[in-house]
Participant: 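I am attaching a structure below and will ask some questions about it afterwards.
Counting starts at 1 for both ligands and their atoms, following the listed order.
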Amino acid sequence: MDIFEKCRDFDSDRMYETFGSLVYFRSLQLSTHPGEVVINGRSVVMAGSNDYLGLARDPRLAEAAIKAVRLDGTGCSGSRPLCGTRDIHEQLESACAAFLGREAAVLAPSGFQTNLLLAGLLGKDDVVLGDRDNHASLVDAVRLSGAHYHRYRRDDVARAEGLLAEAPDGAGRVIVTDGLFSMEGDLCDLPGLTALAARCQARVVVDSAHDFGLLGSTGRGAPEHFGLENQVDLVTATFSKSLGSAGGVLAGPAEVIDFVRSRARAAVFTAGMAPSVAAAALAALDIIRAEPERRVRALDVAERMHNGLRALGYDTGNSVSPIIPVSVPGQDRCLELWHRLLEAGVYANPIVAPGRPAGREMLRVSFTPLHSDTQLEQVLEAFAAAGRTTGVIPVAPPGSWTPVRVARPLSTAPSIVPPRSVTSPTAPTALR
Ligand SMILES: Cc1ncc(COP(=O)(O)O)c(C=O)c1O
């Protein structure tokens, strides 16, 4: 059997075209207007990027990146252990560790690869519990390590406890979860998970890809939001969302980070992050520290848009964040709504099969603090008109609906998170 056979049967046009227009892999150009992109020469409101703080086009990031290119070139031409480490990498690692209140941090060239670093820490006898909606990169990290992986539903931490309790003596026990879920926009049950970890002597790893920079009183993410940083052992985060750059970071106790840096295959056998990318992320961290009002506006905008959509009759699920999952069951209906919104000058992300099971199709909508009130109104008007035409919402708005309160900071942050101890021999063990 030829491994290329499946490629001949794969009809990407059939999958990705609707109403004569390309749904996925569409080229979007930057617009001169914040909050907009240009598609086929037409400027539309971007209601779907992960640029939660509106930093991806900030001139200060661009300037930092350009300076880094001039100083260090466009690429590192080598892996970090050999000739691929630059001062900017070390500065960014120190800044991330300080920002997250952790002893140390190590970079990886993408958020995906950051999570693969965990494979270097896990061994085949370890038992890992993960939320069933965890990001693919967390799942792949566990697969690579050969550790036993069990999934739980985040509304069923009791099942997770049963699975951990069954782990053999001597197995390392780890709970791995997204902090903020990338599609549903809801938070993990960190209080429940950390309490479980304490009972079962398990390590806790939080992937803060979507909450880093955005949630918590200083932007440290979901662990800070819950006031549970000292119950979380490792944090992974990406720079490709709130930080407007690319790459990612794993932060935690110095001994663990040193080990991962020199033993994890995803850290050793890859070139150092491009200096311009690191410099942009470093500039973004400074801005996040200096301009907390961006976070406040991002959350205000999110709350307003959740509630504006709900007032029209849309269901935005359990999200408490700038990720707004607008439920549109039925692939055809979902794509039709998407198409009509685009016609009305609004770009949202259609999430259908294979990314979403039948009946749970949705539009993933998000905004930045840079969207103007006029743009936000335009989006709501487009959703009202397109939703009524397609029958996704009733013609008359609902008499009542439940307002959303977004995840505003619950606590103030400690300055440094002390490493947590768990009783040996249940700490993650095997090395690779
Ligand atoms: C939860 C989560 N973790 C990791 C990643 C990977 O990050 P990156 O796109 O920066 O590689 C993503 C990407 O969307 C994500 O949603």
Participant: Are Arg86 and Glu93 close enough for a salt bridge, meaning some N to O gap below 4.0 Å?
Facilitator: no

Participant: Is His306 reaching over with its side chain to a backbone N or O of Glu303, donor-acceptor style, under 3.5 angstrom?
Facilitator: no

Participant: Mind checking whether Tyr52 and His210 have parallel, tilted or perpendicular rings, split at 30° and 60°?
Facilitator: tilted

Participant: Counting only heavy atoms, which portion of Asn115 has something under 4.0 Å from ligand 1: side chain, backbone, both, or neither?
Facilitator: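 For Asn115, the contact with ligand 1 is made by the side chain alone.
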
Participant: Any idea which protein heavy atom is nearest atom 6 (C) of ligand 1, and the distance to it?
Facilitator: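 Ranked first by proximity to atom 6 (C) of ligand 1 is Phe112 N, 3.4 Å.
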
Participant: In terms of relative ring orientation, are His150 and His148 parallel, tilted or perpendicular, with 30° and 60° separating the classes?
Facilitator: parallel

Participant: Report the distance from atom NE2 of His135 to atom CG of Asn115, rounding to the nearest 0.5 Å.
Facilitator: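 Separation between the atoms: 8.0 Å.
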
Participant: Please write down residue, atom name and distance for the protein heavy atom closest to atom 16 (O) of ligand 1.
Facilitator: His210 NE2, 2.6 Å

Participant: If you measure every N/O of Gly247 against every N/O of ligand 1, is any gap under 3.5 Å?
Facilitator: no

Participant: Taking only heavy atoms of Asp178 into account, list the atoms of ligand 1 that are under 4.0 Å away from them.
Facilitator: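 By the 4.0 Å cutoff, the relevant atoms are 1 (C).
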
Participant: Specify side chain, backbone, both or neither for Lys241, according to which of its non-hydrogen atoms lie closer than 4.0 Å to ligand 1.
Facilitator: side chain

Participant: State which residue, out of Ile288, Leu299, Leu55, Thr368, fulfils the side-chain contact (heavy atoms from CB on, under 4.5 Å) condition with Arg294.
Facilitator: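 Result for side-chain contact (heavy atoms from CB on, under 4.5 Å) with Arg294: Leu55.
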
Participant: List the closest protein heavy-atom neighbour of atom 5 (C) of ligand 1: residue, atom name, distance to the nearest 0.1 Å.
Facilitator: His135 CE1, 3.4 Å

Participant: Out of Gly111, Pro109, Ser208, who gets a non-hydrogen atom closest to atom 8 (P) of ligand 1?
Facilitator: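 It is Gly111 that holds the nearest heavy atom.
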
Participant: Does the side chain of Val23 reach to within under 4.5 Å of the side chain of Val352, using non-hydrogen atoms?
Facilitator: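 Contact flag for Val23/Val352 side chains = no.
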
Participant: What protein heavy atom sits nearest atom 3 (N) of ligand 1, and how far away is it?
Facilitator: Asp207 OD2, 2.6 Å

Participant: Does the pair Glu184/Arg360 count as a salt bridge with the N-to-O cut at 4.0 Å?
Facilitator: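 Result for this pair is yes, salt bridge flagged.
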
Participant: Looking at Arg154 and Asp186, is there a salt bridge between them, counting it only when a charged N and a carboxylate O are closer than 4.0 Å?
Facilitator: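 Counted as a salt bridge, because a side-chain N and a carboxylate O are separated by less than 4.0 Å.
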
Participant: What protein heavy atom sits nearest atom 7 (O) of ligand 1, and how far off is it?
Facilitator: Thr238 CG2, 3.3 Å

Participant: Within the 4.0 Å heavy-atom shell around Ala209, which atoms of ligand 1 are there?
Facilitator: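 Answer, ordered by atom number: 1 (C), 2 (C), 3 (N), 4 (C), 15 (C).
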
Participant: Identify the closest protein heavy atom to atom 10 (O) of ligand 1: which residue and atom is it, and at what distance?
Facilitator: Ser240 OG, 2.6 Å

Participant: Is it true that Ser137 lies under 4.0 Å from ligand 1, counting heavy atoms only?
Facilitator: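 True for this residue.
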
